[in-house]
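A quick write-up on the structure given underneath.
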Amino acid sequence: MEDQRRFILAMVLSGLVFMAYYFFFVLPTQQAARADAELEMERLNAEQAVATSPSASAEVALVDQPREVLVATGARIEIDAPGIRGSLLTTGSRLDDITLNDYDKTLNPEDGQVELLSPVGGERASLVADNWTMPGMAGDNLGLDTAWAVVSGTTLTPTTPVVLQTNIGGVDVTRTLSVDDHFLITTDDVLTNTGSQPVTLARRGVARQITMPLGLTNFFIIQEGPISVLDDSYHDQTYKKTVKKSWTESGEAGWTGLTDKYWLHAAIAPQDGRTTVDYRHSLIDGKAVWDAIYTADAMTITPGASVTSTGYLYAGAKERAVLEAYEEDLGIIGMSRAIDWGAMGLLVRPIMWALSKLGQMLGNYGLGILALTFFIKLLMFPLFNKQYKSQAKMKKVMPEVKKMQERYKDDRVKLQQEMMGLYKKEGVNPAAGCLPIIPTMFVFFALYKAVFIDIDLRHEPFIGYIQDLSAAEPISILNGFGFLPFNGRPEGILAFIALGPLAILYGASMSLMYMLTPPTGDPTQAKIFKLMPWLFMFILASFPAGLLLYWVWNNILSFLQQWYITKKNDVDTPVDAFFRKIFGRPDPVDTAE
């Protein structure tokens, strides 16, 4: 009966692994490709409709202009700060030309830095803007066409602010722009009603993405698309879901933006009032457009009155320390929640913090992963000792269990009674070996999440061929582990067999651990359990190298601990037999004979 249960459990676990791989890896990739194809088809159809329309003009020819041409047109304020560089278009006060100074696009520095925002009219444009509008106004209800005049300043730096001015419905708006050393631009506005009638205005900010951005993971563990914080509550929606359904929510203070794995551009509302956030998808000039919009509660300004209002524009990396500083120093609610901590944030946050600190201290984030894994093993040492001790005792009594199985093979009730009696006599608890798996799985998922989202690991090397811990191993058996001029990480079905060195070490280390576990009574089950490590080796081969490094090192530490406990309980293992054969030592004498 126990063998049957273990067999069923093995089958269920195998099925769950395959289902998880299909639903969380294969299916999302296929759906993303299908969604991209549908959006591209929509764009092509719209282009054709515009091109064949009698009223079509050169302004809507839908021909993407080079980025360098677009940033050279229009009235612009140059931005030169330690964290970002680029320019702001005065029309609509649009931040639409931002390059991140400290982040390369690829491992090759010649490819340049990450261009986070690009002007409208080019390929995959994106922007973030903040303007004042009159409630109910038609047409440009986001103020993106508002004409702002430059009052003072030519280049925006941390020491040289720039002042803009416009007039909305008889209200003069004077905006002072300032930039910090990282990724934040502050917009301090003074509104003065110079007319003879009260005027009602609402402040609106928008983060816009035109055409689906490149480099999306399309992976359930990462938030990609609109996000916001209202009433200190986090909200998100994917790009694909926004295509199908818009979203609206109101609350105190807040901010909204568009995000992916590492980057964020966001419009941050004044933190002293109520805000409404909208996620929208539309087609503009035949291109798919995603907007994350905040609208602060409208306010009426009487003749001669002046009011002040402060908002922010964010365009940069999701660096934890920077985001937390904005929360503490500027009072921006929930800014650090731009990092997708997930449902296990209570574990992910401290693990990610420890990982970053250890990586900085040791000067290598791969060493940081090894050190963190070691400390986690120390923390769980007593728990695993109990598990391994139980397994050692179980392995020790297995010869007697096999004899009972042969003796009572026709009497299952008697067999169970005798086995329970033997377990009680020898102090064996079959369930004790399974209990430590529960906390281990929580730690595993938390560490997996931390490795996946920690920007500190992006483009960080370990040793040798591992030059990016956040990416899959670049070499595999398909390119002779780097000796052949082929891509070691192809897409499609070949990706499943692209085994790198760490993936192979994972399979070998898991197989060694299996050799120390108590054998099953059924030969078929034993063969299945032996194949499990190699099955997981193929499934996990495409995971980030940093995560594989953790698994391999964790397996090695677990094997050493389990082998020590097993030997301490005078249990002989296949590993011992292997080393005796290597060194030519005789087998131990069977005292029973």
To the closest 0.5 Å, what do you measure between [atom1] ([X]) and [atom2] ([Y])?
X      : Y      : atom1 : atom2 : answer
Asp80  : Ser87  : CG    : OG    : 11.5 Å
Arg274 : Glu252 : CZ    : CD    : 5.0 Å
Ile210 : Leu127 : CD1   : CG    : 6.5 Å
Leu177 : Leu164 : CG    : CG    : 5.0 Å
Leu184 : Tyr312 : CG    : OH    : 7.0 Å
Leu469 : Arg458 : CG    : CZ    : 13.0 Å

Taking all non-hydrogen atoms of both residues into account, name the closest pair between [X] and [Y] and its distance.
X      : Y      : result
Ala450 : Ile351 : CB-CG2, 3.9 Å
Val128 : His265 : CB-CD2, 4.4 Å
Pro350 : Gly345 : CD-O, 4.1 Å
Ala267 : Val206 : CB-N, 3.7 Å
Val199 : Ile168 : CG1-O, 4.3 Å
Phe183 : Tyr326 : N-OH, 3.6 Å

Between the side chain of [X] and the main-chain N/O of [Y], is any donor-acceptor distance below 3.5 Å?
X      : Y      : result
Asn141 : Thr133 : no
Asp104 : Leu107 : no
Asn193 : Ala305 : no
Asp96  : Pro119 : no
Thr73  : Leu70  : yes
Thr192 : Thr194 : no
Thr187 : Gly311 : yes
Glu224 : Ile222 : no

Side chain to side chain contact (heavy atoms under 4.5 Å, CB included) evaluation trace for Tyr294 with Arg204: CA-CA 6 Å; Tyr294 88 74; Arg204 307 194 76 189; 5.7 Å; no
Sequence neighbours excluded, every pair satisfying ring pair (Phe, Tyr, Trp, His ring centres under 6.0 Å) that has a member inside residues 236-261: His235-Trp247, Tyr239-Trp290, Trp247-Tyr279
Residue pairs fulfilling side chain to side chain donor-acceptor pair (under 3.5 Å) with at least one residue in residues 163-173, sequence neighbours excluded: Gln165-Thr174, Asn167-Asp172
Over 12 non-hydrogen atoms of neighbours within 6.0 angstrom of NZ in Lys105: yes
Within 6.0 Å of CG in Leu346, more than 12 heavy atoms from elsewhere: no
Distance-only check: which donor-acceptor pairs under 3.5 Å involve side-chain atoms of residues 355-372, not counting sequence neighbours?
{"residue": "Ser356", "atom": "OG", "partner": "Met352", "partner atom": "O", "Å": "3.2"}
{"residue": "Ser356", "atom": "OG", "partner": "Asp454", "partner atom": "OD2", "Å": "3.0"}
{"residue": "Ser356", "atom": "OG", "partner": "Asp456", "partner atom": "OD2", "Å": "2.8"}
{"residue": "Asn364", "atom": "OD1", "partner": "Gly366", "partner atom": "N", "Å": "2.7"}
{"residue": "Asn364", "atom": "OD1", "partner": "Leu367", "partner atom": "N", "Å": "3.1"}
{"residue": "Asn364", "atom": "ND2", "partner": "Phe462", "partner atom": "O", "Å": "3.1"}

Passing option when Asp291 is tested against Arg208, His281, Gln209, Arg280 for side chain to side chain donor-acceptor pair (under 3.5 Å): Arg208
Passing candidate, side chain to side chain donor-acceptor pair (under 3.5 Å) with Asp340, options Lys449, Gln223, Lys261, Lys318: Lys449
If only side-chain N and O atoms count, and only distance matters, is there a donor-acceptor pair under 3.5 Å linking [Y] with [X]?
X      : Y      : value
Asp468 : Ser470 : yes
Asn554 : Thr373 : no
Glu115 : Thr99  : no
Asp111 : Thr106 : yes

Check against side chain to side chain contact (heavy atoms under 4.5 Å, CB included), Leu88 and Val162: CA-CA 11 Å; Leu88 179 143; Val162 172; over 6 Å; no
Heavy-atom check, side chain of Leu191 versus side chain of Ser306, under 4.5 Å: no
Side chains of Tyr550 and Leu447 in contact at under 4.5 Å (non-hydrogen atoms): yes
Pairs where residues 188-199 contributes a residue and the test salt bridge (Lys or Arg N to Asp or Glu O under 4.0 Å) is met, not counting sequence neighbours: Arg175-Asp189, Asp189-Arg203
Check against side chain to side chain contact (heavy atoms under 4.5 Å, CB included), Met299 and Leu201: CA-CA 6 Å; Met299 61 179 174; Leu201 297 178; 5.6 Å; no
Between Tyr448 and Phe543, ring centroids under 6.0 Å: yes
Trace of the side chain to side chain contact (heavy atoms under 4.5 Å, CB included) decision for Leu214 with Arg124: CA-CA 8 Å; Leu214 293 173; Arg124 290 181 167 81; 3.5 Å; yes
By side-chain hydrogen bond (donor to acceptor under 3.5 Å, both in side chains) - contacts of Thr276 (at least two apart): Ser250
Pairing residues for Trp263 by the ring pair (Phe, Tyr, Trp, His ring centres under 6.0 Å) criterion, not counting sequence neighbours: Tyr103
